[in-house]
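Quick notes on the structure that follows.
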Amino acid sequence: QVQLVESGGGLVQAGGSLSVSCAASGSIFSIRRMGWYRQAPGKQRELVAHVTTANTTNYADSVRGRFTISRDNAKNTVYLQMNSLKPEDTAVYYCNVLVYSGTYYRDYWGQGTQVTVSS
């Protein structure tokens with residue numbers, strides 16, 4: 001089994017910065033992809049950014065240039081640095097990890113961490 005532990009989040013003013021991290025542990029042979037999704041109340045969960053083991057990154061258009069995703073493969077940890085935050089970035093941010101256990105691939109989700117940006 002795989003567990004994800006998220007850290008970070010909080011309340012900041014528009015234009016400020018926050019960082020969140022997510023560490024995966026458990027029965028992991030390899031991690032194919034790690035990333036972050038977010039969901040605001042009443043809205044669909046959406047991809048924010050993800051990064052592959054090869055360090056290929058993908059960003060939502062809404063955060064490109066403001067957010068930076070990175071990972072530490074040795075620690076099975078992914079980070080999201082969020083700069084120039086806007087009120088529309090307010091959401092619960094969920095870590096997502098695609099794990100190969102040695103038998104199969106499976107998606108795992110973190111518990112979510114609240115990011116609130118005030119105007």
Side-chain angles (χ1 to χ4, degrees):
Q1 192 59 256
V2 174
Q3 293 179 318
L4 305 181
V5 179
E6 298 181 6
S7 300
L11 172 65
V12 297
Q13 294 184 348
S17 298
L18 282 174
S19 63
V20 291
S21 65
C22 174
S25 62
S27 300
I28 301 172
F29 272 29
S30 65
I31 296 179
R32 181 179 179 181
R33 185 179 64 221
M34 304 185 79
W36 294 91
Y37 288 71
R38 67 186 182 187
Q39 188 169 26
K43 298 183 67 177
Q44 184 75 34
R45 186 176 298 187
E46 64 177 357
L47 173 70
V48 178
H50 65 232
V51 58
T52 68
T53 302
N55 241 5
T56 299
T57 59
N58 188 43
Y59 294 92
D61 290 341
S62 59
V63 308
R64 197 185 318 275
R66 299 187 297 119
F67 292 9
T68 302
I69 191 168
S70 61
R71 66 185 292 174
D72 185 332
N73 292 335
K75 297 180 179 179
N76 289 329
T77 300
V78 63
Y79 309 89
L80 185 69
Q81 177 66 44
M82 300 177 284
N83 299 322
S84 301
L85 283 160
K86 304 174 181 179
E88 50 263 45
D89 295 317
T90 296
V92 177
Y93 284 68
Y94 296 91
C95 178
N96 173 252
V97 180
L98 181 60
V99 175
Y100 181 60
S101 67
T103 305
Y104 44 70
Y105 285 94
R106 181 169 292 178
D107 266 317
Y108 292 88
W109 293 89
Q111 79 282 359
T113 184
Q114 179 70 45
V115 172
T116 302
V117 184
S118 62
S119 59

Nearest heavy atoms of M82 and Y93, plus distance in Å: SD-CE2, 3.8 Å
More than 12 non-hydrogen atoms from neighbouring residues, nucleotides or ligands closer than 6.0 Å to CD on E88, yes or no? yes
CG/N73 to OG1/T53 distance, rounded to the nearest 0.5 angstrom? 5.5 Å
With a 4.5 Å cut-off on side-chain heavy atoms, are Y105 and R33 touching? no
Would you give the length of the straight line joining atom CD of Q3 to atom OG of S27, rounded to the nearest 0.5 angstrom? 10.0 Å
Separation between OG of S7 and OH of Y79, rounded to the nearest 0.5 Å: 9.5 Å
Start with the C-alpha gap between D89 and R38, add the side-chain angles, then the distance that decides, and say whether side chain to side chain contact (heavy atoms under 4.5 Å, CB included) holds. CA-CA 9 Å; D89 295 317; R38 67 186 182 187; 2.9 Å; yes
Between T77 and A23, what is the shortest heavy-atom contact and its length? OG1-CB, 3.6 Å
In Å and rounded to the nearest 0.5 Å, what is the CD to OH distance from Q1 to Y108? 4.5 Å
Working note: F67 + I69, criterion side chain to side chain contact (heavy atoms under 4.5 Å, CB included); need CA distance, chi angles, decisive distance, verdict. CA-CA 7 Å; F67 292 9; I69 191 168; over 6 Å; no
Spacing of CZ belonging to R71 relative to CG belonging to L80, to within rounding of 0.5 Å: 14.0 Å
Is it the case that the side chain of T90 and the backbone of V117 share a donor-acceptor pair, with hydrogens and angles ignored and the cut-off at 3.5 Å? yes
For S119 against P87, the heavy-atom pair lying closest together: CB-CG, 3.9 Å
Can you check whether W36 reaches C95 side chain to side chain, under 4.5 Å on heavy atoms? yes
Between atom CD of Q81 and atom OG of S70, what is the distance when rounded to the nearest 0.5 Å? 8.5 Å
Would you find more than 12 non-hydrogen atoms of other residues, nucleotides or ligands less than 6.0 Å from R32 atom CZ? no
Identify the heavy atoms of V20 and G9 that sit nearest to each other, and give their distance. CG1-N, 3.4 Å
Show the nearest heavy-atom pair for residues L47 and A60, with the distance to one decimal. O-CB, 3.3 Å
To check you understand the geometry: which heavy-atom pair defines the closest contact between L85 and R66, and what is its length? CA-NH1, 3.8 Å
